[in-house]
Engineer: 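Encoded as structure tokens, here's the structure I'll be asking about.
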Amino acid sequence: MPLGCSLRRCRRCGCGPDERHGERHGAPRNLDAVSVAPAPTVTLDNRFARELSELALPWQAEAAPDPRLLALNETLAKELGLDAASLRTDDGLRLLVGNLVPEGATPVAQAYAGHQFGGFNPRLGDGRALLLGEIVDVHDRLRDLHLKGSGRTPFARGGDGRAVVGPMLREYVVSEAMHALGVPTTRSLAVVATGRPVARETLLPGAVLARVASSHLRVGSFQLVAATGDVDLLRRLADHAIGRHHPGLAQAEHPYLALFEAVVAAQAALVAQWMLVGFVHGVMNTDNMTISGETIDYGPCAFMEAFDPASVFSSIDTGGRYAYGNQPVVAEWNLARLAEAMLPLLDEDEERAVEIAVESLGAFRPLYSAAWSAGMRAKLGLPDGLDEGVAAPLVDELLTLLRASHVDHTSFYRALGGAARGDAEPARGLFVDLPAFDAWVERWRALGPDADAMDRVNPLYIPRNHLVEEALAAATDGETGPLERLLDAVTAPYDERPGLERYAAPAPVDFGAYQTFCGT
Ligand code: AMP
Ligand code: MG
């Protein structure tokens, strides 16, 4: 059951221009669409545009003929100091699609490069997105307010600059679910239907996603600057990244090395969390890997159901490069690309810079392993201090059993909580090799697992693929009820609630093998 956005070859993946992206536009700049009006409730900084003007192309959103709000994240709006009621007004919707630019804001398309499926593309950038500016939230943190689907920019290459309701709501629901699961991620503030049909394989309703992030700096941002050979700009980019994410590092003995090490640590922790919740990003290109350590770009992502390291959902990932089990290795590979880009900042002597980078990147594996092992011990309700010599083989053997019996990654751990309380039958029923499972449970129980602690870290409700598809199909037809119910379940993933049983169950067999398409 594919998504409605099925581009066979798409820009996300770095393929050449595709006729299916729709008509090309000769003169994209659409100044008529914008009315500059004072919006006293929203104050946007333009720090990125100011500090890194070489990477910021001032641009404006195309006009949305008939904006209609499909989803608004009131909790996030409050956190940003925005008034939800005013966002629902006509002017609020115009703000959320980029047609009303607050006084003083400088919307820009950001330039970046990236390795896409291993091949370097020196010029990517926001082809259909804009950074509206930065907003100081109620916790005094600077957050990017960004639009996706806001029209063509000079980085659009063959793309139409637009986005479709289904995939934008998909990003909304999956990113908010990830946040509720405690996984660092960009957030979704709103999805607004534009009122314009967008040409994909069929005509589909267009939408703009308003996304919030601690920044949109990517590994690809550094790669772009490194490729220009402009070391001064590279230094300013690194200074900007330090200022945004690790201001304390400015005082470090070697701030740029400290920045690199901080990104390595953040990504090791992030990917471990993906692995623990069974998340498959699907398109871990270096332009989709943040410096902040937040998950970004929910395109062909999916949650694995039956545990299998080879799980791949993306229609174009035929080689399994971004399979579930490959994600840690790919993250490390991407960080090696970041290290290469940062070499001129690590040492003047290139050979020495390479030595430093290799040594620092060496931290990735132990950091990842420690985060994964601690997470698995928590999922199994085992004490923190448990000897790795006991915990590691227990985990490895469990994974072998889960894989052999195609056990659902999410519901298993909740069922296992029941086993910790004395009723092993529901968990047992998931396995084919019962003697092997029984033997494993006996060893595990002997360690005294804490069932309540397990329930606090093992989610009941994740955005299961069949439920996401069902909700998006309904929303595309104008019925947002299923989406709201799904959001309600996945944004409180650990609290068991009667009536939500279907949100805790794997897809019915007739749903078949799930395939995702690049989110367009
Ligand atoms: P993504 O992974 O969605 O960020 O996409 C990868 C690259 O393709 C980025 O440079 C995007 O801005 C660009 N892109 C994706 N879809 C479109 C589109 N419909 N129109 C223009 N650019 C696009
Ligand atoms: Mg991207």
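All ligand and atom numbering here is 1-based and tracks the order in the structure.
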Engineer: Numbering the atoms of ligand 1 from 1, which are under 4.0 Å from a heavy atom of Tyr112?
Structural biologist: 9 (C), 10 (O)
Engineer: Mind checking whether Tyr298 contacts ligand 1 via backbone (N, CA, C, O), side chain (CB onward), both or neither, at a 4.0 Å heavy-atom cut-off?
Structural biologist: neither
Engineer: Please check if any side-chain donor atom of Thr185 sits under 3.5 Å from a side-chain acceptor atom of Tyr298, or the reverse.
Structural biologist: yes
Engineer: Under 3.5 Å, is there a donor on one side chain and an acceptor on the other for Glu79 and His139?
Structural biologist: no
Engineer: Under a 4.0 Å N-O cut-off, is there an ion pair linking Arg211 with Asp297?
Structural biologist: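 Yes.
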Engineer: Pick one of side chain, backbone, both or neither for how Arg157 approaches ligand 1, counting any non-hydrogen atom pair under 4.0 Å.
Structural biologist: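 Within the 4.0 Å criterion, Arg157 contacts ligand 1 through side-chain atoms alone.
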Engineer: Is the His281 to Tyr322 ring centre distance short of 6.0 Å?
Structural biologist: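 Ring centres of Tyr322 and His281 not closer than 6.0 Å.
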Engineer: For ligand 1, which atoms have a heavy atom of Asp126 less than 4.0 angstrom away?
Structural biologist: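 Close to Asp126: 12 (O).
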Engineer: Strictly under 6.0 Å, is that where the ring centroids of Tyr461 and Tyr503 end up?
Structural biologist: no
Engineer: Do any of the N, O or S atoms of Asn285 sit under 2.8 Å from the Mg ion (ligand 2)?
Structural biologist: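 No N, O or S atom of Asn285 is closer than 2.8 Å to the Mg ion (ligand 2), so no.
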Engineer: As a test of reading the structure, name the N/O/S atom of Asp297 that is nearest the Mg ion (ligand 2).
Structural biologist: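 That would be atom OD2.
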Engineer: Compute whether any side-chain donor of one residue and acceptor of the other, for Ser188 and Ser175, lie under 3.5 angstrom apart.
Structural biologist: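 Present: a donor and an acceptor within the cut-off.
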Engineer: In this structure, does ligand 1 have an atom that sits under 4.0 Å from one of the heavy atoms of Gly125?
Structural biologist: yes
Engineer: Would you call Glu176-Arg187 a salt bridge at under 4.0 Å N-O?
Structural biologist: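 Salt bridge: yes.
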Engineer: Check each heavy atom of Asp160 against ligand 1 and say whether those closer than 4.0 Å belong to the side chain, the backbone, both or neither.
Structural biologist: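 Looking at Asp160 and ligand 1, atoms from backbone and side chain both fall under 4.0 Å.
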Engineer: Verify the neighbour count for atom CZ of Arg68: are there more than 12 heavy atoms of other residues, nucleotides or ligands below 6.0 Å?
Structural biologist: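 Not buried by this count: 12 neighbours or fewer within 6.0 Å.
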Engineer: Going by heavy-atom distance to atom 20 (N) of ligand 1, choose the closest among Gly161, Gly127, Gly151.
Structural biologist: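 Looking at heavy atoms only, Gly161 sits closest to atom 20 (N) of ligand 1.
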Engineer: I'd like to check whether Arg128 has a polar contact with ligand 1, where a contact means an N/O of the residue lying under 3.5 Å from an N/O of the ligand.
Structural biologist: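 Yes; the residue has a nitrogen or oxygen that sits under 3.5 Å from a nitrogen or oxygen of the ligand.
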Engineer: For Phe313, does its backbone N or O pair with a side-chain atom of Thr516 as donor and acceptor, under 3.5 Å?
Structural biologist: yes
Engineer: Pull out every atom of ligand 1 sitting under 4.0 Å from any heavy atom of Arg200, numbered as shown with elements.
Structural biologist: 19 (N)
Engineer: Side chain, backbone, both or neither: which part of Gln110 has a heavy atom under 4.0 Å from ligand 1?
Structural biologist: neither
Engineer: Answer yes or no: does an N/O atom from Asp297 fall short of 3.5 Å to an N/O atom of ligand 1?
Structural biologist: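 By distance alone, the answer is yes.
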